[in-house]
Amino acid sequence: MILAKNHQDTLKKTVQALQSGSAVIIPTDTVYGFSGIVPETDSLIRRIKGRAETKPFIQLIAAPEDIHRYTDDDIPPDLLAYWPGPLTIIVNNKCTGSTTAFRCPGDEWLRSVIRQCGAPLYSSSVNRSGCPLLTHVADMETEFGNEVACIVDDGDLPENALPSTIVSVASGSVQVIRQGAISIQ
């Protein structure tokens, strides 16, 4: 089911789909992503993407300060200044004992979805593992329409759309893992 992002009922329907344990495709401030509530939908999204168990998903949070619920790592203020926005920060997760990649997206609509779900959302680019990123909503519907509860349509992306930049602070210093939508030195 395709839902127009700007329709008044789309936020409510998206939250309901997520709270029912389904995966959805939603726009972020970078690219479209598969999303589901953490941790319940991990295996569902992996099955849809064909993704290995060893590669973790980014977790989207509603507000920059939410990161402190999950880590005691020292995150430089100049990195946090990019939030909300297209920066993913890998930290030591005090809840799980492993590292986790968190992002606070710049899109207010998406942050509202996260807040209403009451938990972080997984985010992973819309493609089968090893295949190119899908940028056209019609292609997403053809490929994944039967595997997700809904696709929130905010228009097609340019072919050169970039995912978030990923940095890690888990070792105590800033390491750039992937340059993406913003440049970090």
Side-chain angles (χ1 to χ4, degrees), residues 1-63 66 70 84 86 88 90 93 95-96 98-157 161-164 166 178 180-181:
M1 163 176 48
I2 301 279
L3 302 171
K5 180 182 173 191
N6 61 0
H7 190 275
Q8 63 183 0
D9 291 339
T10 297
L11 179 75
K12 179 181 175 185
K13 289 179 180 178
T14 303
V15 170
Q16 288 172 337
L18 288 162
Q19 288 177 332
S20 76
S22 297
V24 300
I25 293 175
I26 53 179
T28 71
D29 49 349
T30 55
V31 298
Y32 279 86
F34 289 111
S35 284
I37 292 179
V38 174
E40 294 87 17
T41 57
D42 182 271
S43 60
L44 173 61
I45 296 171
R46 285 184 192 287
R47 184 174 40 77
I48 293 169
K49 280 189 69 90
R51 188 165 182 171
E53 293 290 326
T54 57
K55 191 171 181 187
F57 295 122
I58 291 171
Q59 296 186 23
L60 302 177
I61 54 177
D66 291 350
Y70 305 101
T88 299
I90 300 171
N93 189 326
C95 303
T96 65
S98 60
T99 58
T100 303
F102 287 100
R103 184 157 86 85
C104 180
D107 185 276
E108 176 55 40
W109 180 90
L110 179 52
R111 290 195 314 275
S112 293
V113 170
I114 300 164
R115 274 191 299 275
Q116 289 187 31
C117 286
L121 298 180
Y122 288 122
S123 184
S124 183
S125 60
V126 179
N127 60 318
R128 304 273 182 207
S129 285
C131 295
L133 173 75
L134 296 181
T135 56
H136 296 278
V137 174
D139 294 339
M140 293 175 212
E141 182 178 29
T142 299
E143 184 73 19
F144 298 108
N146 293 327
E147 298 180 73
V148 296
C150 64
I151 299 170
V152 177
D153 184 354
D154 195 29
D156 293 341
L157 299 173
L162 294 174
S164 65
I166 301 175
R178 175 181 76 194

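Quick caveat, the model's predicted, so the values are computed rather than measured.
- Note that CZ of Phe57 and OG1 of Thr100 are 13.0 Å apart. Values are rounded to the nearest 0.5 Å.
- Distance check, rounded to the nearest 0.5 Å: CZ of Arg115 to CG of Leu110 gives 9.5 Å.
- Remark: Glu147 engages Arg128 in a salt bridge (charged side-chain N to carboxylate O under 4.0 Å, His left out) (not counting sequence neighbours).
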Pairs of donor and acceptor atoms involving the side chains of residues 24-39, under 3.5 Å and at least two apart or interchain, shall be tabulated with distances.
unit_1, atom_1, unit_2, atom_2, d
Thr28, OG1, Thr30, N, 3.1
Thr28, OG1, Thr30, OG1, 3.0
Thr28, OG1, Val31, N, 3.3
Thr28, OG1, Val31, O, 2.7
Thr28, OG1, Arg103, NH2, 3.3
Asp29, OD1, Arg103, NH1, 2.5
Asp29, OD1, Arg103, NH2, 3.2
Asp29, OD2, Arg103, NH1, 3.4
Asp29, OD2, Gly106, N, 2.6
Tyr32, OH, Asp154, N, 2.8
Tyr32, OH, Gly155, N, 3.2
Tyr32, OH, Gly155, O, 2.7
Ser35, OG, Tyr122, O, 2.9

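- Contact between Ala119 and Ile114 at its shortest, heavy atoms only, is O-CG2, 3.6 Å.
- Note that the CG atom of Asn127 and the CG atom of Asp139 stand 12.5 Å from one another [nearest 0.5 Å].
- More than 12 heavy atoms of other residues, nucleotides or ligands lie within 6.0 Å of CG in Asp9, so this atom counts as buried by the packing criterion.
- Salt bridge Lys5/Asp107: present, at least one basic N to carboxylate O contact under 4.0 Å.
- In this structure the side chain of Thr135 never reaches within 4.5 angstrom of the side chain of Asp156, judged on heavy atoms.
- Closest of all the heavy-atom pairs between Cys95 and Asn93 is N-OD1, 2.8 Å.
- Take His7 and apply the side-chain hydrogen bond (donor to acceptor under 3.5 Å, both in side chains) test, not counting sequence neighbours, and it matches no residue.
- Of the possible donor and acceptor atoms, none in the side chain of Thr10 sits under 3.5 Å from a partner among the backbone N and O of Asn6.
- Taking CD1 of Ile61 as the start and CG of Asp66 as the end, the distance is 5.0 Å to the nearest 0.5 Å.
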- Task: Could you check Glu108 against Ser112 for side chain to side chain donor-acceptor pair (under 3.5 Å), going step by step and ending with a plain yes or no?
- Result: CA-CA 6 Å; Glu108 176 55 40; Ser112 293; 3.3 Å; yes
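- Residues satisfying the side chain to side chain contact (heavy atoms under 4.5 Å, CB included) test with Ile2, not counting sequence neighbours, are Val137, Glu141, Ile151, Asp153.
- Closest approach of Thr88 and Ala101 over heavy atoms only: CG2-CB, 3.6 Å.
- Across all their heavy atoms, Leu44 and Gly21 have their closest contact at CD2-O, 3.7 Å.
- Remark: side-chain polar atoms of Thr96 are paired, donor with acceptor, to backbone N or O of Ser98 under 3.5 angstrom.
- The nearest pair of heavy atoms linking Pro105 to Pro84 is O-CB, 3.1 Å.
- Partner Ile58 forms a side chain to side chain contact (heavy atoms under 4.5 Å, CB included) with one of Pro120, Ser164, Ser124, Pro163 and no other, that one being Ser164.
- Judged by distance alone, with hydrogens and angles left aside, the side-chain atoms of Arg51 form a donor-acceptor pair with the main-chain N or O of Pro56 at under 3.5 Å.
- Scanning for side chain to side chain contact (heavy atoms under 4.5 Å, CB included) contacts around Ser20 gives Ser22, with sequence neighbours left out.
- When the salt bridge (charged side-chain N to carboxylate O under 4.0 Å, His left out) test is applied to Asp42, the partners found at least two apart in sequence or on another chain are Arg46.
- How far CZ of Arg178 is from CG of Leu162: 9.0 Å, rounded to the nearest 0.5 Å.
- Formation of a donor-acceptor pair under 3.5 Å by the Gln19 side chain with backbone atoms of Gln116 is found in this model.
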